[in-house]
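Please find one structure pasted underneath; my questions will follow.
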Amino acid sequence: MPVRTKPFTQACPQCNWSKTSAPVSDVLIAGRDIATQCPRCGAKALKIHEASAFAVLISRVKRLLACGRAP
């Protein structure tokens, strides 16, 4: 049975870039939901940890605001 992934934060230890993802399904897509390397400095050793409640809230608000934009 599919299980939705818990919200997580990816962080780059080299440049302190971070991104929180709160997936809405059990499918994760590389490049959209999960980064394969840091978009700022290109480092491949990203750290992943459980997201805080505040980070999840911010991530969901950003997703809602992005849905309202015209392409």
Side-chain angles (χ1 to χ4, degrees):
M1 174 160 68
V3 177
R4 184 180 353 169
T5 305
K6 291 184 179 183
F8 60 92
T9 298
Q10 289 182 283
C12 177
Q14 292 182 3
C15 70
N16 293 323
W17 168 87
S18 68
K19 177 184 175 188
T20 299
S21 295
V24 294
S25 73
D26 62 323
V27 177
L28 295 177
I29 299 173
R32 186 188 74 182
D33 298 317
I34 189 163
T36 55
Q37 67 181 31
C38 177
R40 188 181 295 165
C41 71
K44 295 188 186 246
L46 299 177
K47 305 288 183 181
I48 298 176
H49 60 274
E50 188 175 342
S52 68
F54 183 72
V56 172
L57 176 67
I58 296 299
S59 174
R60 289 183 177 159
V61 168
K62 284 182 180 180
R63 183 184 305 134
L64 287 172
L65 293 175
C67 290
R69 291 187 195 151

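The first residue in the sequence is number 1, and the count goes up from there. Model, not experiment: these values are computed from the prediction. The analysis underlying the following values was restricted to heavy atoms, covering all of them including side chains, and did not include hydrogens, waters or symmetry mates.
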Heavy-atom pair of closest approach, residues A11 and H49: CB-CE1, 4.5 Å
Distance, nearest 0.5 Å, that separates CG of L64 from OG of S59: 9.5 Å
Qualifying residues under side-chain contact (heavy atoms from CB on, under 4.5 Å), relative to V3, sequence neighbours excluded: none
CG-CZ distance between L65 and R63, expressed to the nearest 0.5 angstrom: 11.5 Å
Any residue meeting side-chain hydrogen bond (donor to acceptor under 3.5 Å, both in side chains) with T9, in chain and number order, not counting sequence neighbours: T20
Where C41 and C38 come nearest, the two heavy atoms and their spacing: N-SG, 3.4 Å
Residues in side-chain hydrogen bond (donor to acceptor under 3.5 Å, both in side chains) contact with S21, at least two apart in sequence or another chain: none
Point-to-point distance, once rounded to the nearest 0.5 Å, from CG of L46 to CD of Q14: 9.0 Å
Pairwise distance NZ(K19) to CZ(R40) - rounded to 0.5 angstrom: 13.5 Å
